[in-house]
There are 2 protein chains.
Amino acid sequence: MAAPRRPRPTLEAVAARARVSRATVSRVVNGRTSVDPRMREAVLSAVDELGYVPNSAARSLVTRQTDSIALVVSEPPTRVFSDDPLFSLVVRTASNELEAAGKQVVLMLAGSPRAQARVEDYVAGGHVDGVMFVSMHGADPLPGAIARMGVPVVSYGRPAVAVDLPYADNDNVGGARQAVGHLLAGGRRRVAAIAGPQDMTAGQDRLAGYRDTLAAADRRALVAVGDFTRDSGAEAMRHLLADDPGLDAVFAANDLMAIGALHTLRRAGRRVPDDVAVVGFDDIEAARFTDPPLTTVRHPVVEQATVMVRLLLTPAEQHDRTRVVLPTELVVRESA
Amino acid sequence: MAAPRRPRPTLEAVAARARVSRATVSRVVNGRTSVDPRMREAVLSAVDELGYVPNSAARSLVTRQTDSIALVVSEPPTRVFSDDPLFSLVVRTASNELEAAGKQVVLMLAGSPRAQARVEDYVAGGHVDGVMFVSMHGADPLPGAIARMGVPVVSYGRPAVAVDLPYADNDNVGGARQAVGHLLAGGRRRVAAIAGPQDMTAGQDRLAGYRDTLAAADRRALVAVGDFTRDSGAEAMRHLLADDPGLDAVFAANDLMAIGALHTLRRAGRRVPDDVAVVGFDDIEAARFTDPPLTTVRHPVVEQATVMVRLLLTPAEQHDRTRVVLPTELVVRESA
DNA sequence: CTGAAAGCGCTTACAG
DNA sequence: CTGAAAGCGCTTACAG
């Protein structure tokens, strides 16, 4: 199979071939301007003939730069193998942006304490120039620990702990208000909610928006808590139906749980939206294909991931602000 | 924000503090056995007090090992932002396995020629000890080019080009046969197919299994081609219905397209499975939540990703075989 | 078992 | 603009 890995040519070899010093080769390779065109030409063709590619370990040993960014995904073990479509979108978008900026992305899972320790050591080992956190739960000590090491950090979504980090978030409270407001405006009287995990700010904020809006309308809340998976949404819906068979609307804190709720409603013989109106949150692609198509709140995932990368890559002094909250938008389809 | 990044302690510092040579510190840190317990103890506490973490660039400069593996995702530009649940699952599973083996995973998107060149340079630059390819299309020259550099390579799924690479695949032909066989056994007479992209072996093989089975039953094929997205499945279903309004079953080459087909069927007023039976492929989580729940062929994603990692990490001489094809399983639910 | 020393492949002041 | 030289932080034969 694998051909013997032949030794790669070094800077030295290129210098010898081009009959210049190693310093000059280094300058040419790194695009320094001040090099005589003739030498540059000689170096370039030597590089070409030899197939020279700089050894990155040697380079980063002296420059103390790695051109790598860690993308840390801290999912709880139970969700590690779920197929959250947001994961895919955030990871791809961030990778795209990072690659465009010439950075490598190192993906790290940090769902267990051991994995977290691993991330900390890795970052402490100087492997990366910055760290991006996605889906942080509860009192995660990692971001703070890393920020304290002097390594730039940013978070996708507001961190659950009150640590002073830059982050890109979307307006979860406002989005939930739009959703519930829409339900109320449609004449629904008994609006339940399937909340997300309460150790994540997205879960907290979306629930807060729901409570706000109901309170302002002088209505009572009816809540079941899920964990953002379809199964938990289906189960929460069962509880809700048992708790109040008369409910005529439900706000699910994400689309996946809304899909689970739709499933339960169907099994229970409730028509959507006639008997029960349903609104989700995120506007994942699947929302257009449910029966009926799901009314939901659009979560600007791509923009948010892009902003996150920019926050990390832009030197702190150039920021007008270090926390960005993107607006959401209600997308009305047929489920409410 | 970021505290000034304080200089990290070096091996040298640890040696000084523990009053031993640098060589000894190196041995202890790398877990070499032959070290006097007393010195080892001294080194360990010096490491602890100083918070020493080895500089990986320096280490890899001499060992020529990076402990990193590249995970290359070659999606065509159009699918880059789709929310393919398999992407998430494969990436997470592979990361998990790789991390358990002490490897870092560098995620690289290779959807464009430029991005591919970037991957090639990166690997040529000695950044990684191995490369895993996911979702390879058509005549992708990258895997061959990298294998020729002497870097270990493995592919998730059989490569589309006849290059001699190790890979982990699932039995796509057999799975399609099970699906179509089930439809035929259920008494369906006019079985259409929504095929996947024909520049991917999964697309080719699943179509081949469909054709096989129909031919053996002396039935005519009716095919529309999609690209594994829900939208393409919906559109293909429209074509199929126009081409033969009398069809009574459809085999979709993946669940996402099956979901699209279900959507179109619903809009067209066809009942599933009464009027038209539908079978998908993959058994993604969403398959349990469609209306009706989707009968499909289980694609052992987790096992396949795990095998892929093992193939890459195990020295070639220890392999009994370098190509593994995992069995599929028909999961009967309500759509067929 | 331990240490002195060479060397991995680069970059970067410093002279010229 | 160019080159000689030092140095980045490790590991690893080689002696002892």
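Chain A is the first sequence line, chain B the second, and so forth, proteins listed ahead of strands; every chain is numbered from 1. This is a predicted model, so every value here is computed, not measured. Computed from heavy atoms alone, side chains included, the values below leave out hydrogens, waters and symmetry copies.
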Rounded to the nearest Å, what distance is computed from the CG atom of residue A:Asp36 to the C1' atom of nucleotide D:dG3?
14 Å
Calculate the interatomic distance between B:His127 atom NE2 and C:dC10 atom P; express it in whole Å.
11 Å
Are the side chain of A:Thr93 and the backbone N or O of A:Leu89 linked by a donor-acceptor pair below 3.5 Å?
yes
Examine distances only and state if a side-chain atom of A:Glu99 and a backbone atom of A:Gln104 form a donor-acceptor pair shorter than 3.5 Å.
no
Counting side-chain heavy atoms from CB outward, which of C:dG9, D:dT11, D:dG9 is closest to A:Ala58?
C:dG9
Taking the nucleotide of DNA chain C with the nearest heavy atom to each, does A:Pro54 or B:Met39 sit closer to the 5' end?
B:Met39
With the side chain defined as heavy atoms from C-beta on, B:Leu61 is closest, among C:dC8, D:dC10, D:dA6, to C:dC8
Could you tell me the separation between the CZ atom of A:Arg40 and the P atom of D:dC1, rounded to a whole number of Å?
11 Å
In this structure, how many angstroms lie between the C1' atom of D:dG9 and the CG atom of B:Asn30, rounded?
13 Å
Before accepting this row, confirm whether a basic side-chain N of the pair A:Arg323/A:Asp164 lies closer than 4.0 Å to the acidic partner's carboxylate O.
yes
Which whole-number value in Å describes the distance from A:Gln65 CD to C:dG9 C1'?
18 Å
Backbone N/O of A:Glu41 and side chain of A:Ser45: donor-acceptor pair under 3.5 Å
yes
Secondary structure of DNA chain D in dot-bracket form (Watson-Crick or G-U wobble, distances below 3.5 Å, | marking inter-strand pairs):
|||.||||||||.|||
Is B:Ser26 near enough to D:dT11 that one of its side-chain N or O atoms lies under 4.0 angstrom from OP1 or OP2?
yes
B:His127 backbone acceptor or donor facing B:Thr66 side chain under 3.5 Å:
yes
Decide yes or no for A:Asp169 and A:Val324: does some side-chain heavy atom of the first lie under 4.5 Å from some side-chain heavy atom of the second?
no
N/O (side chain, A:Arg64) to phosphate O (OP1/OP2, D:dG9) under 4.0 Å
yes
Within the structure, does a side-chain N or O atom of A:Asn55 lie under 4.0 Å from either OP1 or OP2 of C:dC8?
no
Less than 4.0 angstrom from a charged side-chain N to a carboxylate O is my criterion; do A:Glu97 and A:Lys103 meet it?
no
Can you see whether A:Tyr52 has A:Arg8 sitting over its ring - NZ or CZ less than 6.0 Å from the centre and within 45° of the normal?
no
Looking at A:Arg27, I'd like to know whether one of its side-chain N or O atoms comes within less than 4.0 Å of OP1 or OP2 on C:dT12.
no
Between B:Ala23 and B:Val62, whichever has its closest DNA chain C nucleotide further toward 5' is B:Ala23
For a quick test of reading the model: is some side-chain N or O of B:Ser21 closer than 4.0 Å to OP1 or OP2 of C:dG3?
yes
Whole Å only: how far is the CG atom of A:Leu50 from the C1' atom of C:dG9?
15 Å
Given atom CD of A:Glu12 and atom P of D:dA5, what is their separation to the nearest angstrom?
13 Å
A:Arg22 CZ to C:dG7 P: how many Å, rounded?
13 Å
Strictly below 4.0 Å: does B:Thr63 bring a side-chain N or O up to OP1 or OP2 of D:dT11?
no
